[in-house]
Asks: 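To start, I am sharing the structure in question, which I have written as structure tokens.
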Number of protein chains: 2
Amino acid sequence: MNLENTKAQMRKGVLEFCILSILSEEEAYVSDIINKMKEAKLIVVEGTLYPLLNRLKNDGVLEYRWEESKSGPPRKYYKITPLGKAMLDELMVSWNELIASVNSIITI
Amino acid sequence: MNLENTKAQMRKGVLEFCILSILSEEEAYVSDIINKMKEAKLIVVEGTLYPLLNRLKNDGVLEYRWEESKSGPPRKYYKITPLGKAMLDELMVSWNELIASVNSIITI
DNA sequence: TTCACTACTTTGTATTGCAAGGTACTAAAA
DNA sequence: TTTTAGTACCTTGCAATACAAAGTAGTGAA
């Protein structure tokens, strides 16, 4: 048995979807995102997030701006692009379809 | 944008959960599983399934028996073990928690 | 100038889904 | 008998990616 592993797989599956969703509400930098995910009981760490955000930026679904901070180095604030919004809309559909699919399996 | 990729990630996340769920209902061999997943609109292929079933067997959550076939080589029929049932129960909880988590994020 | 804190970045590893190709069994066709 | 078709199981190699861990660099206080 490897419960934690399988649970982690589930969590990973919705990672991008959740991050796009968070950034569709308001700008955020990495620590903000980690905290918001944590509030929703979804643990995610720096080493995961930086490459992921970069990937999403390269895909054109996110963009960022630098902002000075009073307590340390400047921060990269990410926000969603119109293309990202479109993708989020489609992922919302996919997420609901996935729930329906899983539901149809577990209620045989 | 890389929608198909992200959708695939979501699907992967629930793969083990769905397979355990299917095998908790009745024995099945690989083609059965592929077909049942397809009915639920979840595509999965041989190359994914064989290593996965083996992994789950090694974890003690699945077991199998051979059965002769009239139309070809013998088939490996998999079914869930008591340990697998226990895991499935926990995954069911995790799945519902994940839905709640994602829900709390997308309805900010 | 040293330390603590914060933030961004990179490297290395392990997992794993999947395409593609391989082996082997049965039975029917040539 | 040999070939072909169909079915089923298995393996190899690759690419994606989450994550731990270590690195770089900015600010301000001790």
Side-chain angles (χ1 to χ4, degrees), chain A residues 1-20 23 27-38 42-59 61-78 98, chain B residues 1-20 23 27-38 42-59 61-78 98:
Chain A
M1 176 138 78
N2 205 338
L3 182 64
E4 287 314 312
N5 195 348
T6 307
K7 284 168 66 173
Q9 280 178 248
M10 283 188 184
R11 195 165 30 79
K12 291 175 191 176
V14 297
L15 231 189
E16 288 189 19
F17 176 44
C18 288
I19 286 165
L20 280 183
L23 294 178
E27 290 184 316
Y29 77 110
V30 164
S31 286
D32 288 338
I33 296 172
I34 289 175
N35 288 330
K36 286 185 191 213
M37 292 288 280
K38 201 179 292 172
L42 292 170
I43 302 303
V44 60
V45 297
E46 271 194 324
T48 299
L49 224 36
Y50 282 105
L52 175 55
L53 290 171
N54 202 47
R55 218 185 306 143
L56 293 175
K57 185 211 67 181
N58 290 337
D59 286 347
V61 299
L62 293 183
E63 59 189 2
Y64 67 80
R65 63 177 179 80
W66 286 100
E67 183 171 310
E68 299 291 319
S69 164
K70 286 163 190 163
S71 59
R75 299 169 176 175
K76 253 182 174 175
Y77 276 85
Y78 283 90
L98 184 70
Chain B
M1 176 137 79
N2 205 336
L3 182 64
E4 286 315 311
N5 195 350
T6 306
K7 284 169 66 171
Q9 279 177 249
M10 283 189 184
R11 194 163 33 78
K12 292 176 190 176
V14 297
L15 230 189
E16 287 189 18
F17 176 45
C18 288
I19 285 166
L20 280 182
L23 294 177
E27 291 184 316
Y29 77 110
V30 164
S31 285
D32 289 337
I33 296 172
I34 289 174
N35 288 331
K36 285 183 193 217
M37 292 288 279
K38 200 179 293 174
L42 293 170
I43 302 303
V44 60
V45 298
E46 271 194 325
T48 299
L49 225 35
Y50 281 106
L52 175 55
L53 290 171
N54 202 47
R55 218 185 307 144
L56 292 174
K57 186 212 65 183
N58 290 338
D59 286 346
V61 299
L62 293 183
E63 61 189 3
Y64 67 79
R65 63 178 179 80
W66 286 100
E67 183 171 307
E68 300 289 318
S69 165
K70 287 162 191 162
S71 58
R75 299 169 176 175
K76 252 182 174 176
Y77 276 85
Y78 283 89
L98 184 69

Asks: Between the two end axes of the helix from C:dT1-D:dA30 to C:dA30-D:dT1, each built from 5 base pairs, what angle do you get to the nearest 10°?
Replies: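 The angle, to the nearest 10 degrees, is 30°.
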Asks: Specify the separation, in whole Å, of atom CG of B:Leu53 and atom P of D:dC9.
Replies: 9 Å
Asks: Can you tell me which nucleotide in D:dC19, C:dC18, C:dC8 comes closest to the side chain of A:Trp66?
Replies: C:dC8
Asks: With heavy atoms under 4.0 Å as the rule, sort B:Asn54 into base, sugar-phosphate or nothing.
Replies: nothing
Asks: What one-letter contact string describes nucleotides 19-30 of chain C from 5' to 3', where B marks a base within less than 4.0 Å of any protein heavy atom, S marks contact via sugar-phosphate atoms alone, and - marks no contact?
Replies: B----BBSS---
Asks: Identify the two heavy atoms, one from A:Leu23 and one from A:Tyr78, that lie closest to each other, and give their separation to 0.1 Å.
Replies: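 Nearest heavy atoms, A:Leu23 then A:Tyr78: CD2-O, 3.5 Å.
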Asks: Extract from the structure each pairing of a protein N or O with an N or O of nucleotides 1-3 of chain D at less than 3.5 Å, listing the distance.
Replies:
none

Asks: Rounded at 0.5 Å granularity, tell me how far CD in A:Glu16 sits from CG in A:Leu53.
Replies: 10.0 Å
Asks: Quick one: list whatever passes salt bridge (Lys or Arg N to Asp or Glu O under 4.0 Å) with A:Glu46, sequence neighbours left out.
Replies: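 Residues passing salt bridge (Lys or Arg N to Asp or Glu O under 4.0 Å) with A:Glu46: none at all.
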Asks: Using OP1 and OP2 only, check whether a side-chain N or O of B:Lys76 sits under 4.0 Å from D:dC10.
Replies: yes
Asks: Could you pick out which residue, A:Ile43 or B:Pro51, lies toward the 5' side of DNA chain D when each is mapped onto its nearest nucleotide?
Replies: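 The 5'-side residue here is B:Pro51.
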Asks: Hey, is the side chain of B:Arg75 poking within less than 4.0 Å of OP1 or OP2 on D:dC10, counting only N and O atoms?
Replies: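 Negative; the distance criterion is not met.
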Asks: Between the main-chain N or O of A:Ser31 and the side-chain N or O of A:Asn35, is there a donor-acceptor pair closer than 3.5 Å?
Replies: yes
Asks: May I ask you to verify if any side-chain N or O of A:Tyr29 is less than 4.0 angstrom from the OP1 or OP2 atom of C:dA7?
Replies: yes
Asks: In whole Å, I'd like the distance from the CE atom of B:Met37 to the C1' atom of C:dG17.
Replies: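 Rounding to the nearest Å, CE of B:Met37 and C1' of C:dG17 are 12 Å apart.
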Asks: To the nearest 0.5 angstrom, please state how far the OG1 atom of B:Thr48 sits from the CD1 atom of B:Ile19.
Replies: 8.5 Å
Asks: For B:Leu52 and for A:Tyr77, find the nucleotide of DNA chain C with the closest heavy atom, then tell me which residue's nucleotide is more 5'.
Replies: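 Checking each residue's closest nucleotide, the 5'-ward one belongs to A:Tyr77.
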Asks: How many angstroms lie between CG in A:Asn5 and NZ in A:Lys7, if you round to the nearest 0.5 Å?
Replies: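 Answer rounded to 0.5 Å: 11.5 Å.
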Asks: With rounding to the nearest 0.5 Å, note down the distance linking CD in B:Glu27 to CD in B:Glu67.
Replies: 7.5 Å
Asks: With the side chain of A:Arg55 defined as its heavy atoms from C-beta on, choose the nearest nucleotide among D:dA16, D:dA18, C:dC18.
Replies: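 The answer is D:dA18.
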Asks: Roughly how far apart are A:Leu62 CG and A:Lys76 NZ, rounded to 0.5 Å?
Replies: 11.5 Å
Asks: Please report, rounded to the nearest Å, how far the C1' atom of C:dT16 is from the CD atom of B:Glu16.
Replies: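 Atom-to-atom, B:Glu16 to C:dT16, this comes out as 9 Å.
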Asks: Any side-chain N or O of A:Gln9 under 4.0 Å from OP1/OP2 of D:dT17?
Replies: no
Asks: Below 4.0 angstrom from OP1 or OP2 of C:dC8, is there any side-chain N or O of A:Tyr50?
Replies: yes
Asks: Test of understanding: with side chain to side chain donor-acceptor pair (under 3.5 Å), list the residues that count as partners of B:Arg75, not counting sequence neighbours.
Replies: B:Tyr29, B:Tyr77
Asks: Does B:Glu68 have any salt bridge (Lys or Arg N to Asp or Glu O under 4.0 Å) partners at least two apart in sequence or in another chain, and if so, which?
Replies: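 None.
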Asks: Which heavy atom of B:Ile34 sits nearest to which heavy atom of B:Val45, and what is that distance?
Replies: CD1-C, 4.3 Å
Asks: Among the nucleotides D:dC19, C:dT10, D:dA8, which one has an atom lying closest to any side-chain atom of A:Arg11?
Replies: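 So the nucleotide nearest the side chain must be D:dC19.
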Asks: Provide the closest heavy-atom pair for A:Val61 versus B:Met1 in the form atom of the first, atom of the second, distance.
Replies: CG1-CA, 3.9 Å
